[in-house]
Participant: 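Take a look at the following structure, please.
All values below were derived from every heavy atom in this structure, side-chain atoms included, with hydrogens, water molecules and symmetry-related copies excluded.
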Amino acid sequence: MDAIAIREGASEPVVLDVPRPEPATGEALVRTLRVGVDGTDHEVIAGNHGGFPAGESHLVMGHEAVGVVEDPNGTEFDRGDVVVPTVRRPPPSGSNEYFERGEADMAPPDATLERGIDGAHGFMSEYFTSPAEFLIEMPDEFAEWGFLVEPISISEKALELARASRSSFTWNLERALVLGNGSLGLLTVAMLDDIEVYCLGRTGRPDPTIELLDQLGATYIDSRETPVPEMPTAHEPVDLVYEATGYPKHAVSSVEALAPNGVAALLGVPDSWTAEVDLGRFHEELVMQNKAIVGSVNSGPRHFRAAVDRLSELPAWFFEEYVTTVSPLDSFHEAFNPDDTAIKTAVEFDTL
Ligand code: NAP
Ligand code: BGC
Ligand code: ZN
């Protein structure tokens with residue numbers, strides 16, 4: 001079967017012919033429908049994040065998948081069920097406390113593999129297998145957008161953690177600043193539909209992401225004109241910062257954009273960066289203004305289920321505008337090398 005993989009030393013993924021997997025006991029065989037591409041995939045291709053499975057010199061890409069059960073193989077699924085796989089799998093050393101608790105998303109990097117990212121092949125192949133416990137069922141009617149369940153689940157978890165950190169007092173979330181007008185940032189803006197939202201990028205009009213933000217009723221901020229620390233004076237301080245740029249300075253400057261009692265959720269996965277920071281002011285502001293920073297990575301089954309619900313609540317027009325590119329296998333490069341008009345891209349292996 002065909003699979004899209006990155007080979008060691010290469011800078012672009014290629015189609016490889018790989019054996020169709022056989023489901024082991026407890027696993028189902030899934031026929032892949034669509035697999036999305038995000039910033040992490042580009043970091044993996046660039047060799048800045050993740051790695052190859054042990055002893056192998058290629059990695060099948062893709063962690064944002066939706067598929068249909070081809071062979072339930074004695075699991076609780078029926079043939080034809082539409083499913084979304086979670087990303088993390090136990091490391092070669094075997095299961096551990098995080099997996100046993102069903103909280104693989106809380107495992108440190110050395111206690112987990114990530115399919116399509118770190119040490120385990122992903123879902124960009126005509127078929128994949130998965131233990132049933134890592135498959136989340138979703139309604140057929142939303143199957144075409146099912147590859148968005150994984151990225152939505154990322155924000156479900158981060159927003160849950162942010163809210164939890166503010167749960168010991170009366171926190172009124174009225175205003176948020178999303179850092180990053182990329183695939184994760186825009187999805188999160190759409191999810192924060194009941195509050196005032198600013199979204200920061202570093203580009204100017206005309207740009208499809210800014211047009212989408214206009215349609216969502218959000219306010220676009222160009223970081224070249226208004227850097228994050230200037231948000232409170234140029235606009236308003238915010239109750240929540242959601243960082244989805246991977247720009248390391250934002251970890252510190254987010255705190256300056258917060259109103260008292262606010263929280264910053266950091267999602268980006270940056271490279272090393274050294275900078276001069278007034279740590280005294282940073283520390284003092286966290287303490288004296290009861291501010292919090294939470295880091296959040298990956299997501300668990302509860303967040304996937306919340307994301308499935310969210311998928312049915314978000315307006316259909318949003319998906320039509322947000323997902324600009326769904327490439328068939330023979331032109332999959334378009335999904336990895338999008339032009340200026342593209343926002344969210346995916347590869348389509350098959351239809352329901
Ligand atoms: P993406 O599509 O590459 O989006 C990143 C966006 O941030 C781009 O639009 C980029 O603008 C913008 N940006 C970068 N630096 C900026 C700056 N200094 N000022 C203003 N805008 C800036 O990536 P993504 O898929 O949305 O993911 C965002 C980040 O979250 C990545 O670091 C990714 O690895 C991480 N991530 C983490 C998780 C998790 O579980 N924690 C899950 C998914 C993704 P330009 O395009 O104009 O450069
Ligand atoms: C994926 C997560 C993963 C994270 C770190 C994100 O793009 O969506 O599932 O845990 O990258 O590798
Ligand atoms: Zn991702």
Participant: Using a 4.5 Å cut-off on heavy atoms from C-beta on, say whether the side chain of Met61 contacts that of Ile45.
Facilitator: yes
Participant: Only pairs at least two apart or in different chains count here, so list each salt bridge (Lys or Arg N to Asp or Glu O under 4.0 Å) that has a residue in residues 171-186.
Facilitator: Arg175-Glu196, Arg175-Glu236
Participant: Do Ile136 and Val83 come within less than 4.5 Å of each other through their side chains, counting heavy atoms only?
Facilitator: no
Participant: Can you check whether Tyr242 reaches Leu179 side chain to side chain, under 4.5 Å on heavy atoms?
Facilitator: no
Participant: According to the ring pair (Phe, Tyr, Trp, His ring centres under 6.0 Å) rule, which pairs have a member within residues 100-137, sequence neighbours left out?
Facilitator: His58-His121, Phe123-Phe128
Participant: Quick one: list whatever passes salt bridge (charged side-chain N to carboxylate O under 4.0 Å, His left out) with Glu160, sequence neighbours left out.
Facilitator: Arg302
Participant: Is it the case that over 12 heavy atoms from other parts of the model lie below 6.0 angstrom from the CG atom of Asp340?
Facilitator: no
Participant: Using the side chain to side chain contact (heavy atoms under 4.5 Å, CB included) rule, take Val82 and Leu352 through it: C-alpha gap first, then chi angles, then the decisive distance, then the call.
Facilitator: CA-CA 9 Å; Val82 175; Leu352 251 194; 3.9 Å; yes
Participant: If you group Ile, Leu, Val, Met, Phe, Trp and Tyr by side-chain heavy-atom gaps below 4.5 Å, do Met124 and Val66 land in one group?
Facilitator: no
Participant: Could you tell me whether a side-chain N or O of Glu348 sits under 3.5 Å from a main-chain N or O of Thr351, the two making a donor and an acceptor?
Facilitator: no
Participant: Quick check: closest heavy atoms across Ser183 and Gly39, and the distance to 0.1 Å?
Facilitator: OG-N, 4.3 Å
Participant: Any side-chain heavy atom of Lys157 within less than 4.5 Å of one from Met106?
Facilitator: yes
Participant: Looking at residues at least two apart in the chain, or sitting in another chain, which of them share a side chain to side chain donor-acceptor pair (under 3.5 Å) with Ser296?
Facilitator: none
Participant: Mind checking the CG-OG spacing from Leu192 to Ser155? Nearest 0.5 Å is all I need.
Facilitator: 8.0 Å
Participant: Rounded to the nearest 0.5 Å, what's the gap from CG on Leu311 to CZ on Phe304? Could you check?
Facilitator: 12.5 Å
Participant: Which side chain to side chain donor-acceptor pair (under 3.5 Å) pairs, counting each pair once, include a residue from residues 81-91, with sequence neighbours left out?
Facilitator: Thr86-Arg89, Arg88-Glu114, Arg89-Ser130
Participant: Going through the distances and angles, do Thr324 and Thr341 end up as a side chain to side chain contact (heavy atoms under 4.5 Å, CB included)?
Facilitator: CA-CA 8 Å; Thr324 51; Thr341 61; over 6 Å; no
Participant: Could you work out, with side chain to side chain donor-acceptor pair (under 3.5 Å) as the rule, every residue matching Ser153, not counting sequence neighbours?
Facilitator: Ser299
Participant: For a side chain to side chain contact (heavy atoms under 4.5 Å, CB included) check, start with the C-alpha distance between Asp193 and Leu216, then their side-chain angles and the critical distance, and finish with the verdict.
Facilitator: CA-CA 8 Å; Asp193 61 348; Leu216 286 167; over 6 Å; no
Participant: Test of understanding: clusters of I, L, V, M, F, W, Y form through side-chain heavy atoms closer than 4.5 Å, transitively. Do Leu177 and Ile195 belong to the same one?
Facilitator: no
Participant: Are side-chain heavy atoms of Asp38 and Lys344 found at a separation under 4.5 Å?
Facilitator: yes
Participant: Cation-pi check, Arg79 to Phe77: give yes when NZ or CZ is under 6.0 Å from the six-membered ring centre and within 45° of the ring axis, no otherwise.
Facilitator: no
Participant: Return yes if a side-chain donor-acceptor contact under 3.5 Å exists between Thr75 and Asn73, otherwise no.
Facilitator: no
Participant: Measuring from Leu213:CG to Thr219:OG1, what's the distance to the nearest 0.5 Å?
Facilitator: 9.0 Å
Participant: Can you run down the side chain to side chain donor-acceptor pair (under 3.5 Å) pairs that involve residues 1-14, sequence neighbours left out, and say none if there aren't any?
Facilitator: Glu12-Asn337
Participant: Please check this pair: side chain of Asp214 against backbone of Gly217, looking for a donor-acceptor N/O pair closer than 3.5 Å.
Facilitator: no
Participant: Return the NE2 to OG1 distance between His49 and Thr40, rounded to the nearest 0.5 Å.
Facilitator: 5.5 Å
Participant: Indicate every side-chain donor-acceptor pair of residues 250-277 with a distance under 3.5 Å to a residue at least two apart or in another chain.
Facilitator:
unit_1 : atom_1 : unit_2 : atom_2 : d
His250 : ND1    : Thr245 : OG1    : 2.9
Ser253 : OG     : Lys249 : O      : 3.1
Ser254 : OG     : His250 : O      : 2.5

Participant: Donor-acceptor pair, distance only, cut-off 3.5 Å: does the side chain of Ser312 make one with the backbone of Asp309?
Facilitator: yes
Participant: Which residue pairs pass the side chain to side chain donor-acceptor pair (under 3.5 Å) test with at least one member in residues 220-235, sequence neighbours excluded?
Facilitator: Asp222-Arg224
Participant: Regarding Arg31 and Glu126, does a basic nitrogen lie under 4.0 Å from an acidic carboxylate oxygen?
Facilitator: no
Participant: To the nearest 0.5 Å, how far apart are CZ in Arg310 and CZ in Arg305?
Facilitator: 15.5 Å
Participant: Looking at Gln289, I want to see if its CD is surrounded by more than 12 non-hydrogen atoms of other residues, nucleotides or ligands under 6.0 Å.
Facilitator: yes
Participant: Assess whether atom CZ of Arg281 is packed by more than 12 heavy atoms of other residues, nucleotides or ligands within 6.0 Å.
Facilitator: no
Participant: Are side-chain heavy atoms of Leu240 and Leu159 found at a separation under 4.5 Å?
Facilitator: yes
Participant: Side chain to side chain contact (heavy atoms under 4.5 Å, CB included) for Tyr198 and Val178? Distances and angles first, verdict last.
Facilitator: CA-CA 6 Å; Tyr198 297 99; Val178 173; over 6 Å; no
Participant: Considering only heavy atoms from C-beta outward, does the side chain of Ile4 approach that of Phe349 to under 4.5 Å?
Facilitator: yes
Participant: Can you sort out the partners of Asp17 under side chain to side chain donor-acceptor pair (under 3.5 Å), two or more places apart, ordered by chain and number?
Facilitator: none
Participant: Is any side-chain heavy atom of Ile152 closer than 4.5 Å to one of Leu187?
Facilitator: yes
Participant: Counting only heavy atoms not in His283 (residues, nucleotides, ligands), do more than 12 fall under 6.0 Å from its NE2?
Facilitator: no
Participant: Are the side chain of Thr325 and the backbone of Thr345 linked by a donor-acceptor contact shorter than 3.5 Å?
Facilitator: no
Participant: From Glu156 CD over to Thr188 OG1, what is the distance, rounded to the nearest 0.5 angstrom?
Facilitator: 9.5 Å
Participant: So, using ring pair (Phe, Tyr, Trp, His ring centres under 6.0 Å) as the criterion, who are the partners of His333 when residues are at least two apart?
Facilitator: none
Participant: How would you list, by chain and number, every residue that makes a side chain to side chain donor-acceptor pair (under 3.5 Å) with Glu150, sequence neighbours excluded?
Facilitator: none
